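So that the names make sense, note that chain A is the first sequence line, chain B the second, and so on, each numbered from 1. Fair warning: this is a prediction, and the values are worked out from it, not measured in the lab. Below, all heavy atoms of this structure are taken into account, side chains as well, without hydrogens, waters or symmetry copies.
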Protein chains: 2
Amino acid sequence: MTYDVGMTTETRTPLTRERVIQAAFGFADQHGVDELSMRKLGAELGVEAMSLYNHVTDKGDILDEMIDRVFLSMPPPDPRLDWKDALRQAGVGAMDAFTAHPWVINLLVSRASTRAGALAYMERILAILTHAGFSDADTHHAWQLLASHTIGYAIQQATNPGTDDSDPTAFETWLSRAGDIHPNITRLAPLIINCQFGREYEFGLEVIIDGLAGRLP
Amino acid sequence: MTYDVGMTTETRTPLTRERVIQAAFGFADQHGVDELSMRKLGAELGVEAMSLYNHVTDKGDILDEMIDRVFLSMPPPDPRLDWKDALRQAGVGAMDAFTAHPWVINLLVSRASTRAGALAYMERILAILTHAGFSDADTHHAWQLLASHTIGYAIQQATNPGTDDSDPTAFETWLSRAGDIHPNITRLAPLIINCQFGREYEFGLEVIIDGLAGRLP
DNA sequence: ACCTGAACACCGTTCAAGT
DNA sequence: ACCTGAACACCGTTCAAGT
């Protein structure tokens, strides 16, 4: 413990766009996006809500920037990999980012992202497919299929009745409702609840990659 | 035109749960869920917002009921079909319902549905797969895969830059941002914009069904 | 240039009061 | 039993005022 470490001028660290976005990102990681408000975000930064508007045009601006940073956090696949492994790496990287920041799913549904990160991710996948030899039409089909699969799993994971730790009885009430009339749900309930979405995602990815390979000239 | 047709007592039709839910459903179809508020819904029904609470426990109660009615609107597949055609029919039926009521996607992301309709849909798919001869584990894998695919496409469709008719310049601004750095996006832009999601969904469904067929004992 | 207080037009929900 | 008005604790955002 030295004298100056804790006593720097951090109480008047100037407010910047960067600090606003990072605070919002951290807040969402901790409490979810639904809880994020301009007033709370201001409080987090020791400032009134209205000050934020000096560094950010909108709440929407903040949200769009948050989405983009999740995409930017996805590592680009190793260029030496063949197309199948490149798709696996890119896909798993995307799922990992969605799992680490589940609130981004909420945002993606209501606001299409056209910022740098989302576009770079899309370009990356299109390049892999085109380079593998797919036609333009099949490259587009494959992109849509891979994107749907990835975002679909992220949603399934986020809404699984076993995932909600805030309500540990959620599963029981779910099963009691379901089981009375639905024998297949009852029988498969253990699998549904203990679903390892990471593995499920990879299972589906293999099915898709196999199906795509069959369309290669 | 008869005397009484327009002059019935509809101005004091009693408020019921059914009328509240139906008004909410219609409002969302017209303006989207984000616009739906208890106050506006009350106004729609010629009543104060607080009256709604006599027939409905919550806004969440209304939203959950709305989700469920979308699931209930999906026709059960013809039991005489083989498992592949049954999955096709169930899948397309789900996509059609999501396309007709795009707001339901927003709701599904934030609230898992455990009401009758959603459970019945799930049971239906599990029954098809089990009856086809899949193991319990593969039945579960296949359900997750099909559900992810369907909901993923619904989101892709809802957020496609060409889909937003409220802003016809959305596509141009999207392309101008994207095209500067991303050659593959630029080249494929026409395909992306004019994407026929119905056909894309079916393309992916075939890939998945083929992949699943290979795992049948 | 940046921050603030007060204000505007909204939310969902509670509760005592009316009929 | 059902509906209402006023109120509470919130929103995002604008704008004139402060420094």
Side-chain angles (χ1 to χ4, degrees), chain A residues 8-28 30-67 103-104 106-111 113 166-167, chain B residues 8-28 30-67 103-104 106-111 113 166-167:
Chain A
T8 45
T9 56
E10 80 265 352
T11 58
R12 50 186 137 107
T13 312
L15 206 55
T16 58
R17 169 170 247 267
E18 186 57 28
R19 285 189 67 220
V20 172
I21 306 287
Q22 267 174 20
F25 201 103
F27 188 97
Q30 243 184 308
H31 309 104
V33 246
D34 288 347
E35 281 297 310
L36 179 64
S37 78
M38 298 300 272
R39 283 168 161 93
K40 288 184 198 166
L41 186 53
E44 200 92 347
L45 290 159
V47 106
E48 297 299 317
M50 308 75 196
S51 307
L52 304 174
Y53 289 87
N54 285 309
H55 304 93
V56 129
T57 74
D58 240 357
K59 188 181 183 184
D61 184 18
I62 298 179
L63 299 178
D64 284 335
E65 202 68 31
M66 290 165 68
I67 294 175
W103 43 263
V104 82
N106 277 279
L107 297 181
L108 282 177
V109 177
S110 35
R111 40 185 63 240
S113 180
S166 75
D167 180 8
Chain B
T8 45
T9 57
E10 81 264 350
T11 58
R12 51 187 136 106
T13 311
L15 205 55
T16 58
R17 169 170 245 267
E18 186 57 29
R19 284 189 68 220
V20 172
I21 307 289
Q22 266 174 19
F25 200 103
F27 188 97
Q30 241 185 311
H31 309 104
V33 246
D34 289 347
E35 283 297 310
L36 179 64
S37 78
M38 297 300 271
R39 283 167 161 93
K40 288 184 198 165
L41 185 53
E44 200 92 346
L45 291 159
V47 107
E48 297 300 316
M50 307 75 193
S51 306
L52 303 174
Y53 289 86
N54 284 309
H55 304 94
V56 129
T57 74
D58 239 0
K59 190 182 183 185
D61 184 19
I62 298 178
L63 298 178
D64 284 335
E65 203 69 32
M66 289 165 68
I67 294 174
W103 44 263
V104 82
N106 277 278
L107 297 181
L108 281 178
V109 177
S110 35
R111 39 184 64 242
S113 181
S166 75
D167 179 8

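Considering only heavy atoms from C-beta on, L36(A) comes within 4.5 Å of M66(A) through its side chain.
With a cut-off of 3.5 Å on both Watson-Crick or G-U wobble distances, the partner of dA17(C) is given as none. Within the shown strands, dG12(D) is the pairing partner of dC8(C) under the Watson-Crick or G-U definition, both distances less than 3.5 Å.
Judged by distance alone, with hydrogens and angles left aside, the side-chain atoms of R19(A) form a donor-acceptor pair with the main-chain N or O of T13(A) at under 3.5 Å.
Rounded to a whole Å, the CG atom of L52(B) is 12 Å from the C1' atom of dC2(D). In this entry the distance linking OH of Y53(B) with P of dG5(D) reads 16 Å, nearest Å. Per the geometry, CG belonging to D34(B) stands 16 Å off P belonging to dC10(C), to the nearest Å. What separates CG of D58(A) from P of dC11(D) is a distance of 17 Å, to the nearest Å. Rounded to an integer number of Å, the gap from CD of E48(B) to P of dT13(C) is 16 Å. Distance, E35(B) CD to dC10(C) P: 11 Å, rounded to whole Å. When rounded to the nearest whole Å, the span between CE of M50(B) and P of dC8(D) equals 14 Å. What separates CG of D61(A) from P of dG12(D) is a distance of 14 Å, to the nearest Å.
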Is there a side-chain contact (heavy atoms from CB on, under 4.5 Å) between F25(B) and W103(B)? Walk through the geometry before answering.
CA-CA 10 Å; F25(B) 200 103; W103(B) 44 263; 3.6 Å; yes
Carefully, step by step, assess D64(A) and D58(A) under the rule side-chain contact (heavy atoms from CB on, under 4.5 Å).
CA-CA 10 Å; D64(A) 284 335; D58(A) 240 357; over 6 Å; no
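Residue whose closest nucleotide on DNA chain C sits further toward the 5' end, between R39(A) and H55(A): H55(A).
As judged by a 4.0 angstrom heavy-atom cut-off over every strand, L36(A) is placed among residues touching the sugar-phosphate backbone only. Using a 4.0 Å heavy-atom cutoff across all strands shown, M38(A) reaches sugar-phosphate atoms only and no base atom. At a threshold of 4.0 angstrom between heavy atoms, the contacts of S37(A) are confined to the sugar-phosphate backbone, with no base atom among them.
Salt-bridge annotation for R17(A) and D61(A): present, with a side-chain N of the basic residue lying under 4.0 Å from a carboxylate O of the acidic one.
Closest approach to the N54(A) side chain among dC3(D), dC11(D), dT4(C) is made by dT4(C) (side chain taken as heavy atoms from C-beta onward).
Between dC10(C) and dC8(D), the two C1' atoms lie 15 Å apart (nearest whole Å). dA9(D) sits 22 Å from dA9(C) when the P atoms are compared, rounded to a whole Å.
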